[in-house]
Amino acid sequence: MAECLTQASRQRRAKAMTAAAGSAGPAAVPLLLCALLAAGGAYELDDSDGLGREFDGVGAVSGGGPNFGASLHILKVEIGGDGQTTDGTEPSHMHYALDENYFRGYEWWLMKEAKKRNPNITLIGLPWSFPGWLGKGFNWPYVNLQLTAYYIVTWIVGSKHYHDLDIDYIGIWNERAFDVNYIKVLRRMLNHQGLQHVKIIASDNLWEPISASMLLDPELLKVIDVIGAHYPGTLSVKDARLTKKKLWSSEDFSTVNGDMGAGCWGRILNQNYVNGYMTSTIAWNLVASYYQQLPYGRCGLMTAQEPWSGHYTVEAPIWVSAHTTQFTQPGWYYLKTVGHLERGGSYVALTDGLGNLTIIVETMSHKHSKCIRPLLPYFNVSHQFATFNLKGSFSQIPELQVWYTKLGKPSERFLFKQLDSLWLLDSGGSFTLELQEDELFTLTTLTSGRKGSFLPPPKSQRFPSVYEENFNIDYPFFSEAPNFADQTGVFEYYVNMEDSGDHRFTLRQVLNQRPITWAADAFSTISVIGDYTWSNLTIKCDVYIETPEKGGVFIAGRVNKGGTLIRSARGIFFWIFANGTYRVTGDLAGWIIYSLGHADVTAKKWYTLTLTLNGRFSFGKLNGKTLWKNISVNFPENGWAAIGTHSFEFAQFDNFRVEASH
């Protein structure tokens with residue numbers, strides 16, 4: 001058996017020999033070594049019988065950077081629809097029927113930044129929620145198929161017209177029902193607008209019923225280019241394979257980005273193809289840039305959740321990504337000779353058809369590679385030797401570069417480390433790897449791999465305990481104010497053209513009807529801000545109710561929930577209403593009423609609200625005068641500050657200030 005071991009393998013083999021000698025005596029070493037060498041298998045990598053499926057790339061949801069870090073091939077973004085979509089709302093480009101604005105939110109900025117780093121990055125758009133006007137009173141986007149298709153096409157056209165971004169793929173409705181006729185209408189409208197190059201992916205949910213529907217409907221089969229399934233557990237289904245369409249894991253991962261998340265990501269990047277013939281895997285999410293106490297905290301490939309400090313962490317999944325992304329490109333092909341290792345783990349090999357070869361071997365253990373979903377059936381991975389024989393057009397490859405990752409104990413941990421290259425000229429195209437648990441090897445003819453270096457990020461800091469925002473920005477770069485995280489409704493910078501005084505520049509809640517929801521949005525709009533550990537604090541904010549009689553606004557502290565759980569958020573909420581009343585509640589829904597009464601309040605007038613929380617007591621002021629005091633509050637003990645409105649109504653906020661202690 002030809003032996004051409006990597007440097008790391010040689011070192012470990014020496015350790016094994018030493019340990020064996022210590023326990024069983026010198027005479028046992030050759031016998032033990034032979035037994036060790038026999039534990040493993042031989043695997044041929046051959047293109048003589050043709051190639052496997054075309055590789056479509058590795059990506060992340062809402063990107064690139066050639067040969068520095070993750071070097072992603074795909075960026076998938078949410079088409080903002082004004083509704084809650086896990087950790088907040090993203091604004092639509094059309095809040096209302098006659099409204100179009102292609103500068104809201106951050107997704108266009110993100111796509112442009114991704115293109116700067118990788119001009120060839122594939123762009124995908126997918127809606128989670130839709131603005132309410134499309135539903136005509138129903139919580140359903142398929143009431144008027146033409147109208148919804150028009151709405152999506154305007155987003156694609158606007159991306160090109162205003163940002164010179166070519167969208168490559170468009171989805172239907174994230175993890176929700178698809179409508180066969182809508183998909184056909186969308187295809188026709190895309191073609192009519194000269195967007196034949198935009199491909200359709202469906203249905204971003206389970207493999208069924210979309211696969212069976214395609215097999216039963218020749219027109220549907222023709223208009224769908226990719227079947228995208230979410231969290232498939234590395235498996236596809238027979239119907240999906242029978243369509244002969246590209247199969248993608250179009251959302252996967254969403255696991256905390258420590259070593260467990262890295263192990264999950266390393267395992268599924270290989271096994272999604274080995275087990276399920278999926279040629280693309282897309283992680284949710286790209287960067288964990290949201291308050292950590294929201295759902296799925298730190299479930300991004302890296303973490304950057306402190307915009308106030310600039311601190312970020314390049315997590316292990318970034319370097320796991322690099323094992324595949326830096327040494328492949330969309331348009332390469334998998335070899336047919338891919339599979340499982342005899343003692344656990346898997347291997348894939350890809351080629352560009354021009355003589356280059358990349359082999360990725362993973363031995364992620366069950367214990368250290370559980371993704372958040374689905375449940376992972378038990379399997380065993382153990383120490384083994386794996387011999388790879390290069391055949392066909394690869395038999396004459398003289399040298400392979402070697403990149404290595406080991407997850408686990410800090411003393412043994414390596415992330416994307418380049419080892420000595422393998423010379424194959426004397427071995428007849430054969431080499432052997434010694435493999436332990438939780439390792440990742442990339443062996444490649446490409447010499448362009450690089451572990452990017454960067455200056456240490458700024459130090460981590462808590463959210464400022466005194467924070468002020470007057471929203472006085474004439475031409476804001478983003479439509480939304482920094483650090484505010486909208487959880488229901490959309491809060492945007494606003495210019496009062498008729499107000500030349502103190503309230504010319506404000507923050508305005510701009511939705512006047514409930515969106516077509518993806519999650520359980522609240523019935524009141526709310527945007528949270530600050531440090532979740534805040535307990536004692538004073539919040540002060542100028543507020544302006546725009547809706548006569550029925551309108552209302554609030555400020556709040558110790559808000560304990562957000563994201564998809566926002567409807568059940570507790571806290572201390574101080575409301576005033578245009579009908580001349582106030583209310584203090586212990587929850588956003590308004591079920592827990594601590595106090596209510598008269599207040600000298602009307603619509604179309606500015607007021608200053610002050611909420612003070614000190615230990616178990618709370619106090620409220622209206623225009624500097626005490627309106628209520630000494631209300632006892634036992635729960636929650638801490639949480640974010642917040643602002644919001646009683647319903648989906650226009651209202652404005654200005655001169656926000658919070659002073660807090662933990």
Looking only at the aromatic ring of each residue, does the gap between the centers of Trp109 and Phe103 stay below 6.0 angstrom? no
Given 3.5 Å as the limit, does a donor-acceptor pair link the side chain of Ser535 with the main chain of Glu637, or not? yes
With sequence neighbours left out, the residues meeting side chain to side chain contact (heavy atoms under 4.5 Å, CB included) with Lys367 are Ser365
Please report the interatomic distance CG(Leu622) to CD1(Ile576), rounded to the nearest 0.5 Å. 6.0 Å
For side-chain contact (heavy atoms from CB on, under 4.5 Å), just list the numbers for Val601 and Phe577, CA-CA rounded to whole Å, side-chain angles, deciding distance to a tenth of an Å, and then say yes or no. CA-CA 7 Å; Val601 171; Phe577 297 94; over 6 Å; no
Under-4.0 Å salt bridge between Lys605 and Asp600: no
Non-neighbouring partners of Cys264 that pass disulfide bond (SG atoms under 2.5 Å apart), sequence neighbours left out: Cys371
Is a side-chain N or O of Glu649 found less than 3.5 angstrom from the main chain of Gly552, in a donor-acceptor match? yes
So, does Trp284 use its side chain to make a donor-acceptor pair with the main chain of Cys299 at under 3.5 Å? no
Could I get the full list of side chain to side chain donor-acceptor pair (under 3.5 Å) partners for Thr148, not counting sequence neighbours? none
For Trp591 and Thr585, which I'm curious about, is there any donor-acceptor pair between the side chains at under 3.5 Å? no
Starting from the C-alpha separation in whole Å, work towards a yes-or-no answer on side-chain contact (heavy atoms from CB on, under 4.5 Å) for Ile268 and Ser249. CA-CA 10 Å; Ile268 65 178; Ser249 176; over 6 Å; no
Quick check: does any side chain N or O of Asp252 sit under 3.5 Å from a backbone N or O of Ile282, one acting as donor and the other as acceptor? no
ring-ring contact (aromatic ring centres under 6.0 Å, His included) filter on Phe619, not counting sequence neighbours, yields none
Sequence neighbours excluded, the answer for ring-ring contact (aromatic ring centres under 6.0 Å, His included) partners of Tyr544 is Trp606
Side-chain donor-acceptor pair present, Asp654, His503, cut-off under 3.5 Å: yes
On a heavy-atom basis, which atom in Tyr493 and which in Pro482 lie closest, and how many Å separate them? OH-CD, 3.2 Å
Short side-chain to backbone donor-acceptor contact, Thr255 and Gly261, under 3.5 Å: no
Has the side chain of Gln487 got a donor or acceptor atom that lies under 3.5 Å from a matching backbone atom of Ala485? yes
Which residues pass the side chain to side chain contact (heavy atoms under 4.5 Å, CB included) test with Lys561, sequence neighbours left out? Leu565, Ser568, Ala569
Classify the ring geometry of His646 against Trp575: parallel below 30°, tilted from 30° to 60°, perpendicular beyond 60°. perpendicular
Identify the heavy atoms of Asp486 and Phe491 that sit nearest to each other, and give their distance. OD2-N, 2.9 Å
Side chains of Asn655 and Asp542: do they bring a donor and an acceptor to under 3.5 Å? yes
Salt bridge (charged side-chain N to carboxylate O under 4.0 Å, His left out) partners of Glu659, counting only residues at least two apart: Arg657
Are the side chain of Thr89 and the backbone N or O of Gly489 linked by a donor-acceptor pair below 3.5 Å? yes
Residue pair Arg267 / Ser369, side-chain donor-acceptor N/O under 3.5 Å: yes
Any donor-acceptor N/O pair, Glu315 side chain to Pro317 backbone, under 3.5 Å: no
Are the aromatic ring centres of Phe554 and Phe573 under 6.0 angstrom apart? yes
Does Leu147 have any side chain to side chain contact (heavy atoms under 4.5 Å, CB included) partners at least two apart in sequence or in another chain, and if so, which? Trp133, Leu134, Lys136, Asn144
Quick check against the 3.5 Å criterion: does Asp587 have a side-chain atom that pairs as donor or acceptor with the backbone of Ile592? yes
Run the salt-bridge test on Arg462 and Asp531 with the 4.0 Å N-O cut-off and return the result as yes or no. yes
Are Trp173 and Trp140 close enough that their ring centers fall under 6.0 Å? yes
With sequence neighbours left out, what residues match Tyr102 under ring-ring contact (aromatic ring centres under 6.0 Å, His included)? His93, Trp108, Tyr162
With sequence neighbours excluded, tell me which residues meet side chain to side chain donor-acceptor pair (under 3.5 Å) with Asn472. none
Given 3.5 Å as the limit, does a donor-acceptor pair link the side chain of Tyr290 with the main chain of Gly563, or not? no
Sequence-distant partners of Phe650, side chain to side chain contact (heavy atoms under 4.5 Å, CB included), two or more places apart: Tyr96, Arg508, Asn512, Glu546
Residues which pass ring-ring contact (aromatic ring centres under 6.0 Å, His included) with Tyr182, listed by chain and number, not counting sequence neighbours: Tyr142
What orientation do Tyr582 and Phe574 show, parallel under 30°, tilted 30 to 60°, or perpendicular over 60°? perpendicular
